Colleague: 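Here it is, the structure in full.
Small disclaimer: the values here were computed from a predicted structure and weren't measured. Each chain gets a letter, A, B and so on, in the order the sequences are listed, and its residues count up from 1.
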Amino acid sequence: MSFSLETMLHALKVASVYIPTTLFIAFVSLFIGGIFGLLIALVRLYNIKILSSIFKFIITILKGIPIVLIILGTFLLSSQFFNPLAKSLGWRITFKDVNMITIAVLALSIMATIQLSEIFRGTLASIKKGQYDAAKSIGLTTFQTIRRILIPLAFPVALPMISNLLINLIKASSLASMVAVVDIFAAAKISANQNYRFLEAYVAVAIIYWALNFLIEKSSNFLENSLNRKLRRSFQ
Amino acid sequence: MIALENVHKSFQKQQVLKGINLKVEKGEVVCILGPSGSGKTTFLRCINFLEKADQGSIKIGASQVDFSTASKNDILKIRRQTAMVFQNYALFNNKTAKENIMVGLILAQKMLPQKAEELALELLQKVGLADRADFYPSQLSGGQKQRVGIARALALNPEVILFDEPTSSLDPELVGQTLALIKQIADEGGTMILVTHEMGFAYEIADTVVFMEGGVIVEQGTPDEVFNHPAEERTQQFLSRFTDHQKVGQQAV
């Protein structure tokens, strides 16, 4: 089996066109997961009745399911229920009109929400009781305490784990090709289908993912260091 | 004036406070003494709603709140009229000395940031830390942290400042300067309730001394009454270790 550098470069060129798609899926999922993950973590931190145990139950179930199954499950469920739902809401679109990227984002958001809720729960729990007492004693409302005290304390600690999750999301987004999304991985496979040179295509894909994740790792380190100077001091 | 009536508090099945009544006039300094586990700190935390008492009521100025039926707004109202100085300082770790003082002024009292900063610097000057305004808690010594904590409490201009063993985590040298600062605030007419093990200091600074044990007030009176002529046997027993209090008092301040 010979390796053609030229074919590899060609595959690299074709696949890199879809870098924005991959990044879009990963970042939007991270963002959505961040919002819901934080909400769930706060509900569990403040031990809000009923909701807290419902979330705990759902997370325990979903945590154990492989991401491939979540993607396929999301696809199957939405293909079943989207049309009746759209009809009842009076929308004029059907499941065929839905961009498959939406399905991928939905599935990865579920993964991100679960992971981030656990990340935030851990970091919020590590904040000492004195910080809560101090916030209460000076008369801050719960919302002010969360926004001005807890999140600024938790974020720098959570950052390395968040960047780790982002890398996992980028890698997991390659599974979106299973529901016919054309991303980096799918594009390289399509180009390889024309000449059956899969090795070159896979090497090209590996290089792109590696480069992306290298950049994310580096920028996260940079951000961490600049936060370190100010905020990490707090955990000495 | 602050009036607490019939304060009860239990943790799980253990009853920690069994009906405490306390009245504090404006400008009065009340020192609460007692052995560990007597409920002193819990009582103080109940005044600030850091713990929610099960029963009883609190009256500060015009606001009267029943512990068992207190709404979120009631709690906030009481908290904003009280301030607390903690044993372990409880400064916000990610904020500088100055910001620690400013955060309550800006968020809870809606003061303009510029004005809050002026006041913060003024108070740091008062507690002798003007040159430490931009230092983080991790860069300050224990005594300095506690003085920032006191400045943060003072900034809120509360009806009463609650001190929870403010010198227990400090080394003996730093205890002196912290007590001197507390005394200065008392001399300026600040109303305060102190939980302390510094008997000499309590004798010197207090208008009223309260001796607590087992979740009840055993004895209450002027320092002279409680220290020199205690009526209860238990008080005598507890204070017997501090008979040379006047000497200790002179050393402390």
Colleague: Roughly how far, to the nearest 0.5 Å, is the CG atom of A:L140 from the CD1 atom of B:I106?
Modeller: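 Result: 11.0 Å between the selected atoms.
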Colleague: Does A:F36 CZ have over 12 foreign heavy atoms under 6.0 Å away?
Modeller: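 Atom CZ in A:F36 is not crowded, with 12 or fewer foreign heavy atoms closer than 6.0 Å.
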Colleague: At a heavy-atom distance under 4.5 Å, which candidate from B:F49, B:F86, B:Y89 has the highest pair count against chain A?
Modeller: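 Option with the greatest count: B:F86.
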Colleague: Got a second to check how far B:T82's OG1 is from A:I138's CD1, nearest 0.5 Å?
Modeller: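 That separation rounds to 11.5 Å.
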Colleague: Side chain of B:R79, backbone of A:S137: donor and acceptor closer than 3.5 Å?
Modeller: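 Such a contact is absent between B:R79 side chain and A:S137 backbone.
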Colleague: Could you tell me whether the side chain of A:Q131 and the main chain of B:A90 form a donor-acceptor pair under 3.5 Å?
Modeller: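 Answer holds: no.
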Colleague: Tell me, yes or no, whether the heavy-atom count around A:F214 atom CZ, taken from other residues, nucleotides or ligands under 6.0 Å, exceeds 12.
Modeller: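 No, CZ of A:F214 has 12 or fewer neighbouring heavy atoms, counting only those of other groups under 6.0 Å.
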Colleague: Nearest 0.5 Å, what's the NZ-CG distance between A:K128 and B:N88?
Modeller: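 Between A:K128 NZ and B:N88 CG, I get 9.0 Å after rounding to 0.5 Å.
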Colleague: So what's closer than 4.5 Å to chain A heavy atoms on B:I75: side chain, backbone, both or neither?
Modeller: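 No part of B:I75 comes within 4.5 Å of chain A.
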Colleague: Count the heavy atoms belonging to other residues, nucleotides or ligands that lie under 6.0 Å from CD of B:Q125, then report whether that count exceeds 12.
Modeller: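 Open: at most 12 neighbouring heavy atoms sit under 6.0 Å from CD of B:Q125.
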Colleague: Check whether any side-chain N or O of A:Q144 sits under 3.5 Å from a backbone N or O of B:L107 as a donor-acceptor pair, and report yes or no.
Modeller: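 A pair under 3.5 Å: yes.
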Colleague: Should we say atom NZ of B:K126 is surrounded by more than 12 heavy atoms from elsewhere, each under 6.0 Å from it?
Modeller: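 Enclosed: over 12 neighbouring heavy atoms sit under 6.0 Å from NZ of B:K126.
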Colleague: More than 12 foreign heavy atoms under 6.0 Å from CZ of B:F11: is that the case here?
Modeller: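 Check passes, neighbour count above 12.
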Colleague: Looking at A:F24, I'd like to know if its CZ atom is crowded, meaning that more than 12 non-hydrogen atoms belonging to other residues, nucleotides or ligands lie closer than 6.0 Å.
Modeller: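 No.
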Colleague: Closest approach of A:A134 and B:R152, non-hydrogen atoms and distance?
Modeller: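 Taking A:A134 first and B:R152 second, the nearest heavy atoms are CB-NH2, 3.6 Å.
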Colleague: Around atom NZ of A:K49, are there more than 12 heavy atoms from other residues, nucleotides or ligands closer than 6.0 Å?
Modeller: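 12 or below, so no.
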Colleague: Should we say atom NZ of A:K218 is surrounded by more than 12 heavy atoms from elsewhere, each under 6.0 Å from it?
Modeller: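 No, the 6.0 Å shell around NZ holds no more than 12 heavy atoms from other groups.
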Colleague: Sort B:K95 into side chain, backbone, both or neither according to what part of it lies under 4.5 angstrom from a heavy atom of chain A.
Modeller: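 Only the side chain of B:K95 comes within 4.5 Å of chain A.
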Colleague: Rounded to the nearest 0.5 Å, what's the gap from CZ on B:R45 to NZ on A:K136? Could you check?
Modeller: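 One gets 7.5 Å once the value is rounded to the nearest 0.5 Å.
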